[in-house]
Amino acid sequence: MRIERARGTRDFLPAEMRKRKIMEERMRDVAERWGYEEIRTPTFERAELFTLKSGEAILKEMYEFRDKGDRHLALRPELTAPVIRMYINELKMTPKPTKVYYFGNCFRYEEPQKARYREFWQFGTEIIGSDRPEAQAELIALAFNILKSLGVKAELHVGHVGLIRERLRAAQVDEAHINTVMRLIDKGERQAVIELMNEADVKKDLIDDLLCLLDSKGKNALQEARGRNIIAADSDALRELELLLEYLDYYGVDYTLNLGIARGLDYYTGMVFEIYDAGGMLGAQNQICGGGSYRLAALFGGEDIPLTGFAFGFDRLAEIFGVDDKDLERRGVVVVPIRDKEADLTVTKEAIEIASRLREFVPTHIDLMNRSLSAQLKYANACHDSFAVLVGKNELKESNVTLRNLDTGEQEKMSVEDCVVRLKAYFGVIGEEK
RNA sequence: GCCGGGGUGUGGUAGAGGCUAUCCCUGGGGACUGUGGAUCCCUAGACCCGGGUUCGAAUCCCGGCCCCGGCCCCA
């Protein structure tokens, strides 16, 4: 009987893995050069870590279970909460800001769709200890540069939930209602927002101001809003946002100001941003990154430290990441022992020794099926190898090997030493050992 | 949770109630134990699962599973 893959999961074949590894390497590389260090948390956690953050309702969207010790556990549905937990448990004493990144699989029990799976990967970073504009700008610039390293065309929208919250407070809306409104804004339900405000007896011109703020887009939105007195001149959020945008210019980051981004979660406190695929390849799921400044640590029993972070949907990036076929094609070498019918082991011994040397710097095959010479070459061809190193008794007699270029068919006899040098040069190995 | 379209060897397919299920690609072996990509031969390998209708089901019906896409959601 044939066993099917679990719903919403995928197998990654070598070609896909090569692509994903290239992406991972580039993303890690950028993060490292920006001074972030990789961390890793467990694949499963106590379920309450996630319900505390997102409410009991998300239990039905998680893979949660009881272990044999009756602990209530869950496969992680995201990585922010685990990272904060790790920080509170064991990173508290590190110098601030603490800059970390992560890459890991997450699990959600949802209906699979385009670029949406039950097991998916997130790549994200957290700045622990700062939500100042300097930190916000660096974080956004980092996300921007990671996308650049992947050659992905994307659109960055930056907002600030503080502006809207301030506006609502000015309108005498209480905190509980503010959170409700933020959630509605995030869902784009304007009508519901208006109704709720009417119920709360908010004056009509204040409602208009709010709606106007939500619609603000583009570089000049801030000046316009201030010009029309929608934002108070002494607004803290405004000052923070202006500074952030200034810094983004220094970083050379292109952005669209979008005050309508609300991220309907209570713990977002300041800057928020989202990045969308600009190529239209993702259908309905076109958001590839989300982040912002938030306060979450106190919820998990830590000090209420400011946090700024983002997470990329790695699978969505993989969907739109284009890579040269050349980069994906694995080019290696095959060592071909030519055995005679007496099954003389000296040829095999020599071949293995040569393969071991080549394996220090290039993918190397050697026959595992006791095949004939021509069958070995046929296999090498099917595997897109570049060179064959032929080792037979003729070569052994002369202490030589035959190096055959599988692209051109040219071949020539040479010593093992010359062969190694030649292949090192071809595969661009620098820093010859002495 | 809801809606639409699908599921035949590794992959891609033909087949529309009736012979041993078509063809291409693929895997293994051989022609060919010192030179590959061609050709030929042999060989491996499939009707998603369960039930129903029928003399007879890959084909029609029902349920499930899975895939693709959309809604909801997206921490």
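Here is how names work: the chains are called A, B, and so on, in the same order as the sequence lines, proteins then strands, and each is numbered from 1.
- Residue side chain A/R5 does not reach the base of B/C65 through any donor-acceptor N/O pair under 3.5 Å, judged by distance alone.
- With a 4.5 Å cut-off on side-chain heavy atoms, A/R76 and A/T41 count as touching.
- Atom P of nucleotide B/C2 and atom NZ of A/K60 are separated by 14 Å, given to the nearest angstrom.
- Comparing B/G15 with B/G52, their P atoms sit 29 Å apart, to the nearest whole Å.
- Every side chain to side chain donor-acceptor pair (under 3.5 Å) that A/T402 has, sequence neighbours left out, goes to A/E395.
- When atom types are taken as modelled, the side chain of A/E350 and the backbone of A/L396 share no donor-acceptor pair closer than 3.5 angstrom.
- Rounded to an integer number of Å, the gap from CG of A/N405 to C1' of B/U35 is 14 Å.
- Residue contacts shown for A/G409 include a base, since a base heavy atom lies under 4.0 Å away.
- Look at the C1' atom in both B/C25 and B/G64: the space between them is 33 Å, to the nearest Å.
- Using a 4.0 Å heavy-atom distance criterion, A/Q287 is classed as making no nucleic acid contact.
- Rounded to whole Å, the separation between the C1' atoms of B/C3 and B/C72 comes to 11 Å.
- Rounded to an integer number of Å, the gap from CG of A/L13 to C1' of B/G11 is 11 Å.
- Look at A/R7 and you'll find a side-chain N or O under 4.0 angstrom from OP1 or OP2 of B/C67.
- As judged by a 4.0 angstrom heavy-atom cut-off over every strand, A/Q122 is placed among residues making no nucleic acid contact.
- The nucleotide whose nearest atom lies closest to any side-chain atom of A/S374 is, among B/U35, B/C71, B/A75, B/U35.
- In this structure, B/G56 forms no base pair with any nucleotide, since neither Watson-Crick nor G-U wobble geometry is met with both distances under 3.5 Å.
- Using N1 to N3 plus N6-O4 or O6-N4 for Watson-Crick, or N1-O2 and O6-N3 for G-U wobble, each under 3.5 Å, B/G4 pairs with B/C68.
- Within a 6.0 Å radius of OH in A/Y109, no more than 12 heavy atoms belonging to other residues, nucleotides or ligands are found.
- Distance CZ (A/R339) to P (B/G34): 12 Å, rounded to an integer number of Å.
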Collect all protein-nucleotide pairs involving nucleotides 39-41 of chain B in which both atoms are nitrogen or oxygen and the distance is under 3.5 Å.
none

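- Per the geometry, CZ belonging to A/R76 stands 18 Å off P belonging to B/A75, to the nearest Å.
- At a cut-off of 3.5 angstrom, counting only N and O atoms as typed in the model, there is a donor on one side and an acceptor on the other between the side-chain of A/E395 and the base of B/G34.
- Partners of A/K349 according to the side chain to side chain donor-acceptor pair (under 3.5 Å) rule, which considers only residues two or more places apart in sequence or in another chain, are A/E353.
- Put simply, the residue from A/F12, A/F312, A/F107 that forms a ring pair (Phe, Tyr, Trp, His ring centres under 6.0 Å) with A/W121 is A/F12.
- Put simply, the side chain of A/R404 and the base of B/U35 share a donor and an acceptor less than 3.5 Å apart.
- Going from the C1' atom of B/G56 to that of B/C71 covers 43 Å, rounded to whole Å.
- Using atom P as the reference point in both B/G37 and B/G30, the two lie 15 Å apart (nearest Å).
- Considering only side-chain atoms of A/R316, the nucleotide from B/A75, B/C74, B/C73 that sits closest is B/C74.
- Within a 6.0 Å sphere centred on CZ of A/R85, heavy atoms belonging to other residues, nucleotides or ligands number more than 12.
- In this structure, A/F103 and A/F123 have tilted ring planes: the angle between them lies in the 30° to 60° band.
- Of all nucleotides present, none satisfies the Watson-Crick or G-U wobble test against B/U10 with each distance under 3.5 Å.
- Mapped onto RNA chain B by nearest heavy atom, A/A380 and A/F107 fall at different nucleotides, with A/A380 at the one closer to the 5' end.
- As rounded to whole Å, 15 Å separates atom C1' of B/A75 from atom CG of A/L75.
- Comparing the same atom, P, in B/G51 and in B/C47 gives a spacing of 15 Å after rounding to whole Å.
- Screening residues 303-316 of chain A for side-chain hydrogen bond (donor to acceptor under 3.5 Å, both in side chains), with sequence neighbours left out, gives A/R10-A/D315, A/R20-A/D315, A/S293-A/T308.
- At the heavy-atom level, A/Y109 lies nowhere under 4.0 Å from the strands shown.
- Taking atom CG of residue A/N381 and atom P of nucleotide B/U26, one finds them 12 Å apart after rounding to whole Å.
- The nearest heavy atom of RNA chain B to A/E111 and to A/V391 marks one nucleotide each, and the one closer to the 5' end goes with A/E111.
- Taking the P atom of each, B/A31 and B/C66 are spaced 48 Å apart, rounded to whole Å.
- A/R371 has no side-chain polar atom (N or O) that falls below the 4.0 Å cut-off from OP1 or OP2 of B/U33.
- The pair A/E37-A/K99 does not meet the salt-bridge criterion, since no charged nitrogen lies less than 4.0 angstrom from a carboxylate oxygen.
- No more than 12 heavy atoms of other residues, nucleotides or ligands sit less than 6.0 Å from atom OH of A/Y379.
- Judged by Watson-Crick or G-U wobble contacts below 3.5 Å, the nucleotide B/C73 has no partner.
- For A/Q113, the side chain to side chain donor-acceptor pair (under 3.5 Å) partners are A/Q285, not counting sequence neighbours.
- Nucleic acid contact for A/G313: none, since no nucleic acid atom lies under 4.0 Å from a heavy atom of the residue.
- Spacing between B/U22 and B/A14 at atom C1', rounded to whole Å, works out to 5 Å.
- The partner of B/C40, taking Watson-Crick or G-U wobble pairs whose two distances both stay under 3.5 Å, is B/G30.
- Comparing atom distances between the A/I338 side chain and each of B/A75, B/C73, B/G34 picks out B/G34 as nearest.
- Side-chain atoms of A/Q411 come within donor-acceptor range of the base of B/U35, with a qualifying N/O pair under 3.5 Å.
- Once rounded to the nearest 0.5 Å, the distance linking OH of A/Y276 with CG of A/N286 reads 7.5 Å.
- Taking atom NZ of residue A/K114 and atom P of nucleotide B/C71, one finds them 13 Å apart after rounding to whole Å.
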Give each protein N/O atom lying under 3.5 Å from an N/O atom of nucleotides 46-50 of chain B, with the pair distance.
none

